[in-house]
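Input: a single structure, listed below in structure tokens.
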Amino acid sequence: MTAILGIDLGGTKIAAGLVDESGAVSGRRSVATPARDGAAAVLAAIVELAREVIGSVPDTPVGCGIGAAGVIDPVTGDVLSATGSLPGWSGTALRTELSALLDLPVLAMNDVQAHSLGEAVRGAGAGHSSVLTVAAGTGIGGALVVDGSLLRGRHGAAGHYGHIVSADAVGRPCPCGGTGHVESVASGPALRNLYLESGGDAADAREVFALAATGDQRAQAAIDRAATALGVLIGGLVNEIDPDLVVLAGGLADSGDSWTSCVTAAARREMLPLLRGCPIVPARLGSDSALVGAALAFERARPLPKGTPQ
Ligand SMILES: [Zn+2]
């Protein structure tokens, strides 16, 4: 059996497991990301976790696929840019360094893209030809997979759907440095900001959802506005792409039916009449999706001798 080490590196957590050809995961482990300690500490934590996984399962991996925060160069596997959640991460030669540390061939890609590939091929999109995944949480992103092939883009930056202008976000500052992008009204932090602007008080989006469940009308209004903005975005993307289905993922997608139904209704209003039947479904692989997707990307890129461009 061919086993591949799958790794999911996020700003708060690193997860790893051994993935077989069917996408089944064994030996999964996770650890907090030492994000503030710099890139060398993050790499050391990945290697320690990887060795724990490898030591806990009978199969030896033939290689490693890692889905990592940041924009990852599709050719070199270097981190081209990263957000403030991983200080010093930008510029890391991720593929080269991890390959040397693990003594394994490595394929490195963006974590959202890895997540989307896993869902499209092994999860909610399995059996479909064109799958658009939209993930909404701390940020808004996603990816397009067509016939099992992920669109990564020239710089590995495809799928930054949160940075498309939204009529509902005019003048709002976006974490990317721009203004008026949909992420600035539809992400988890943006949803909380909407609630604060209406006079409410909550520590995070999760608390806004809890308040809405108790009947807080301002909390519900903030959720509706954020969800509607995301739905309008998704409807527009469907009009552009005409996918077989849309997979909704990310922390907000787990927040409850009211958010999901509001996103879906807004998306359908925006879609061209011919496309309104496009299914919008929840993600299915949970926290395994990115490591399954990264392992799958490695499998597809083989043969990949150590030290050659990916
Ligand atoms: Zn932006």
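If you read the sequence from its start, that first residue is 1, and numbering goes on from there. For ligands, and for the atoms within them, numbers begin at 1 and follow the listed sequence.
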Apply side chain to side chain donor-acceptor pair (under 3.5 Å) to Gln220 and Asp216, showing your working.
CA-CA 6 Å; Gln220 191 59 53; Asp216 183 328; over 6 Å; no
Tyr195-Asp201 side chain donor-acceptor pair, cut-off 3.5 Å:
no
Checked the Zn ion (ligand 1): protein N, O or S atoms closer than 2.8 Å come out as His163 ND1, Cys174 SG, Cys176 SG, His181 ND1
Indicate if Val71 and Leu94 have the same hydrophobic cluster label, given that clusters are the connected sets of ILVMFWY residues with side-chain heavy-atom separations under 4.5 angstrom.
no
Say whether, by atom type as modelled, one donor and one acceptor occur between the side chain of Ser149 and the main chain of Val145 under 3.5 angstrom.
no
Apply salt bridge (Lys or Arg N to Asp or Glu O under 4.0 Å) to Arg225 and list each qualifying residue two or more places apart in sequence or on a separate chain.
Asp168
Student check: side-chain heavy atoms of Phe298 and Val19 closer than 4.5 Å:
no
